[in-house]
Amino acid sequence: MSGRHLLQIPGPTNVPDRILQAISRPTIDHRGPEFRDMAADILVRLPLIFKATGPVVTFPASGTGAWEAALVNCLSPNDRVLIYETGHFASTWCRLAQKLSLQTTVLPTDWRHGVDAEVLAETLEQDKAGSIKAVCLVHNETSTGVCSDIQKARAAMNQTGHPALLMVDTISSLASIDYCHDDWGVDVTIAGSQKGLMLPPGLSFNAVSDKALHAARSAAMPKAYWDWQDVIDANQSQLFPYTPATNLLFGLREAIAMLLEEGLDQVFARHARLAEATRCAVKAWGLELLCLDPDRYSNSLTAVMMPQGHDADALRNVILDRCDMSLGNGLGQLAGKVFRIGHLGDFNELMLASALSGIEMGLTLAEVPHKPGGAQAAMDYLSDTSPRP
Ligand SMILES: *Cc1c(COP(=O)(O)O)cnc(C)c1O
């Protein structure tokens with residue numbers, strides 16, 4: 001097929017040319033002066049993206065590695081963690097915790113709403129013995145397109161006075177949707193390279209609070225590769241305890257520069273605007289959003305329900321074959337029932353217009369009942385609103 005493939009899954013996202021070029025340089029000595037200059041730059045500026053003042057530990061791993069790192073650094077065998085099951089990613093994190101032999105308390109949802117701070121507070125109130133050592137929340141549920149209110153959840157935790165650590169997965173929100181590690185009182189923030197950070201997969205991160213570092217000193221779960229302290233110690237001299245993903249770090253330095261040049265507030269406003277345009281299209285098609293709470297719509301992706309009797313994967317296959325565009329599939333219990341439109345990372349108005357046009361063609365080709373004019377509705381919204389916040 002001629003022309004460029006449209007990668008409209010909610011991660012990995014499009015990697016911009018500036019980052020591709022940065023990554024394509026020859027690999028350098030990861031203990032030499034040039035590497036240490038780059039590491040110094042990253043160590044100073046990466047925390048700005050998390051709005052954190054403490055350390056951000058970088059691992060050569062997918063996001064899943066950073067989930068595991070958060071748990072094994074802070075907890076001891078048989079500790080209990082509370083997981084709010086807002087969707088597929090929360091439930092996958094829960095399974096990971098269980099494989100590590102942690103005890104889990106799971107708060108279920110219908111996968112169409114976010115974290116309910118009151119339910120969270122009630123559950124912590126009941127835990128008089130303080131057996132819950134960590135609360136694990138997914139900020140932006142990539143399987144559902146629901147973005148939970150972390151500030152509200154933290155406030156509810158504070159009200160109960162419960163000492164559990166707060167761990168938040170921001171893999172599909174960091175650098176796309178506003179997030180404040182320090183101000184929101186998060187103890188461990190988990191992130192990955194391949195979504196809002198516009199990098200290929202392969203790096204993941206833990207931003208760590210003082211309270212989490214303190215907990216890590218007495219945490220007894222076995223850990224070696226994931227040990228924060230080894231990374232933090234090596235970082236003191238701009239090094240890593242094992243061979244880092246040097247070329248991805250070239251890309252990371254470029255990604256941070258791009259985000260700070262645009263300005264984080266502009267980045268968030270751009271995502272909000274493109275997300276709202278996407279929702280205008282979905283509504284014009286007469287299709288239903290999976291997220292039922294308009295205050296919690298995700299600005300990095302939109303999950304769209306298929307009409308009864310129509311298979312989301314059949315639609316996605318038609319769109320891939322005819323339009324060379326990849327859309328996200330339904331995950332877990334949502335398999336075949338939803339498709340997901342990624343609108344995060346290195347993304348702009350006409351990329352969105354192409355994506356929505358391709359979906360509208362696909363809806364017709366796959367004979368999915370819908371009203372025409374979704375792409376036009378999105379363009380009208382974009383024409384009628386200003387791109388500047
Ligand atoms: C993508 C994603 C993950 C999984 O990350 P991997 O890099 O595939 O390990 C976890 N949580 C959320 C919210 C995600 O969007």
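Fair warning: this is a prediction, and the values are worked out from it, not measured in the lab.
At a cut-off of 3.5 Å, with distance as the only test, no side-chain donor of Ser300 or His271 sits close to an acceptor on the other residue. No side-chain N or O of Asp17 forms a donor-acceptor pair with one of Gln21 less than 3.5 Å apart. With hydrogens and angles left out, the side-chain atoms of Asp116 and His113 include no donor and acceptor closer than 3.5 Å. If you check the side chains of His181 and Thr189, you find a donor sitting under 3.5 Å from an acceptor. One side chain, Thr104 or Gln98, offers a donor N or O that lies under 3.5 Å from an acceptor on the other. Looking only at atom types and distance, the side chain of Trp228 has a donor-acceptor partner in the side chain of Asn206 under 3.5 Å away. A donor-acceptor contact under 3.5 angstrom links the side chains of Thr105 and Arg80, judged on distance only. With 3.5 Å as the limit, one finds a donor-acceptor pair spanning the side chains of His139 and Ser173.
Note on Tyr225 and Ile232: same hydrophobic cluster, where clusters join Ile, Leu, Val, Met, Phe, Trp and Tyr whose side-chain heavy atoms are under 4.5 Å apart, directly or indirectly. Both Trp67 and Val81 are assigned to one and the same hydrophobic cluster, defined by single-linkage of ILVMFWY side chains at heavy-atom distances under 4.5 Å.
Across all their heavy atoms, Pro244 and Leu249 have their closest contact at CB-CD1, 3.8 Å.
Taking 4.0 Å as the cut-off between side-chain N and carboxylate O, Arg154 and Asp187 count as a salt-bridged pair. Taking 4.0 Å as the cut-off between side-chain N and carboxylate O, Glu262 and Arg270 count as a salt-bridged pair. The pair Glu141-Arg112 fails the salt-bridge criterion, with no side-chain N (NZ, NE, NH1 or NH2) lying under 4.0 Å from an Asp/Glu carboxylate O.
Note that the CZ atom of Arg273 and the NE2 atom of His343 stand 13.5 Å from one another [nearest 0.5 Å].
For the side chain to side chain donor-acceptor pair (under 3.5 Å) with Ser298, the qualifying choice from Thr142, Asn140, Thr144 is Asn140, the only one to do so.
With contacts defined as side-chain heavy-atom distances shorter than 4.5 Å, the pair Thr123/Leu107 qualifies. For the pair His162/Ile132, a side-chain contact is recorded, criterion being any heavy-atom separation below 4.5 Å from C-beta on.
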